[in-house]
2 protein chains.
Amino acid sequence: MARMSSVDRRHEIVQAALRVIAADGVSGATTRAIVAEAGMSLASFHYAFTSRDEMMRELVAYVVESETVAAFSALRFGTDIRTSIRDSLTAYFELAVVADPGHEQVMFELMQYALRTPGIEHLAREQYDRYRAAVSGLLETGAENAGIRWSLPVEDVARLVVTISDGLTLGWLADRDTAAAMRVIEFAADSLSRLAEPAPTNSTVRTTTKERSA
Amino acid sequence: MARMSSVDRRHEIVQAALRVIAADGVSGATTRAIVAEAGMSLASFHYAFTSRDEMMRELVAYVVESETVAAFSALRFGTDIRTSIRDSLTAYFELAVVADPGHEQVMFELMQYALRTPGIEHLAREQYDRYRAAVSGLLETGAENAGIRWSLPVEDVARLVVTISDGLTLGWLADRDTAAAMRVIEFAADSLSRLAEPAPTNSTVRTTTKERSA
DNA sequence: GTCTATAATGAGATAGAC
DNA sequence: GTCTATCTCATTATAGAC
């Protein structure tokens, strides 16, 4: 086996561990299963990491770091905010959930692992903060394109979107009822679009009442 | 140790296992931890169950069987459907989530265990079917008391409620932000109450304009 | 029926040669 | 740096006395 830097080796191990977790769950990710997947010896594992726990902490941090809401951002927002929300949720659902159920299941398992593991509970919170921050950005872009503004703080709207996405995903993982999930998306699009209100036009001074930080 | 029937002993083991899982998670529920909690010997465990897997399957089935949405049904629905929804969600959130976070976490873990374990995947679906059935009953009672009817099939409304409850619970478990959760509940009450429409009075013929299938 | 004792397996981690 | 071989411990499960 070719020599490689410690950083690369650690990354290679984390990637192999993620593949094992996707296939067999967190409990199936034993050191032996991981090194078999990575094609290396058990000793190499313990050369790169002092313990399995250390590796798992790095894995969770890596996932939290790299997880983006890619499916959402693939969408271009149009002028109709309801359609934009519906299409974005549908894209998330079809691309991130239905097309790859294992991935979302792994996200939930890792969140619970983080909540259960002393010292990394904060990573569960960070995972959600990142989701919400990503969704907030999309909601602001969507509002701009549609010429509306949100009647609630955008962070609150983002939390609603993430709440619905989580519930939608869990429910579908349980019963795989895609048609029912689409009806949930229609309801969500109806409800969320009611939080939009016409934005002041550009010809008016928009920062009169609420100064914005540059 | 007093002798007891096999059924009682199995039940006692399952109860002890649930306590261990609440404290340490599914992975912490080793046979040793369980028998220590139950105050019996390892051999007694294997007299009652042939294997740990068999016990876990019975445990999941027991939870699915006995899980009710108790917090919801503690509520009496008033005449205002929005208030009823808000109070019910708040009661669920405060009584079942905040007051006992471990319980809901265990529910999620057991669902994932079921999804991962060959032969009991159907229990995850049953778990959700039971939630939705219980919520459906409450929604029908609430509609009757408020003099409204749901503009969607009540099963669809129930799915929406469960979707939001799941998302609400997961989000709170991650960041413990109770104030933000309450804002989600307000939004849910607004959105769900829009699915209510005035029920025909008993003196009018209710199927004149919109024929319903019996 | 319940116990003590132990077999059998698989886990994480380490020693030491190369 | 990487390997083989091994250690130590915890796990599930079973055997056999009472």
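Proteins come first, then strands; the chains are lettered A, B, ... in the order of their sequence lines, and each starts at number 1.
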Closest to side chain of B:Arg52, choosing from D:dT6, D:dT2, D:dA13: D:dA13
Among D:dA15, D:dG1, C:dG12, the one nearest A:Tyr47 by side-chain distance: D:dG1
[X] has an atom [atom1]; how far is it from atom [atom2] of [N], in whole Å?
X	N	atom1	atom2	answer
B:Leu42	C:dT9	CG	P	17 Å
A:Asp24	C:dA11	CG	P	11 Å
A:Met40	C:dA13	CE	P	16 Å
A:Glu54	C:dA13	CD	P	10 Å
A:Met55	C:dG12	CE	P	9 Å
A:Ile13	C:dG12	CD1	P	13 Å
B:Phe45	C:dT4	CZ	P	17 Å
A:Phe49	D:dG1	CZ	P	16 Å

Could you tell me whether B:Thr30 contacts a base, only the sugar-phosphate backbone, or nothing, with contacts defined as non-hydrogen atoms closer than 4.0 Å? sugar-phosphate
Classify the nucleic acid contact of A:Ser41 as base, sugar-phosphate or nothing, counting any heavy atom under 4.0 Å across all strands shown. base
Assess, by modelled atom type and distance only, whether the side chains of B:Tyr113 and A:Ser27 contain a donor and an acceptor separated by less than 3.5 Å. no
Tell me yes or no: between the side chains of B:Tyr62 and B:Glu58, is some donor less than 3.5 Å from an acceptor? no
Respond yes when some side-chain nitrogen or oxygen of A:His46 is under 4.0 Å from OP1 or OP2 of C:dT14, and no when none is. no
With respect to the phosphate group of D:dC3, does any side-chain polar atom (N or O) of A:Ser44 fall under 4.0 Å of OP1 or OP2? yes
Charged N to carboxylate O below 4.0 Å: is that the case for B:Glu65 and B:Arg130? yes
Ignoring hydrogens and angles, answer whether the base of C:dG12 and the side-chain atoms of A:Arg32 contain a donor-acceptor pair closer than 3.5 Å. yes
With heavy-atom distances below 4.5 Å as the criterion, would you say the side chains of B:Val161 and B:Arg132 are in contact? no
A:Thr178 vs A:Phe93, side-chain contact (heavy atoms from CB on, under 4.5 Å): CA-CA, chis, key distance, verdict: CA-CA 9 Å; A:Thr178 300; A:Phe93 178 66; 3.8 Å; yes
Contacts of A:Ala43 and A:Thr31 projected onto DNA chain C by closest heavy atom; the upstream (5') one is A:Thr31
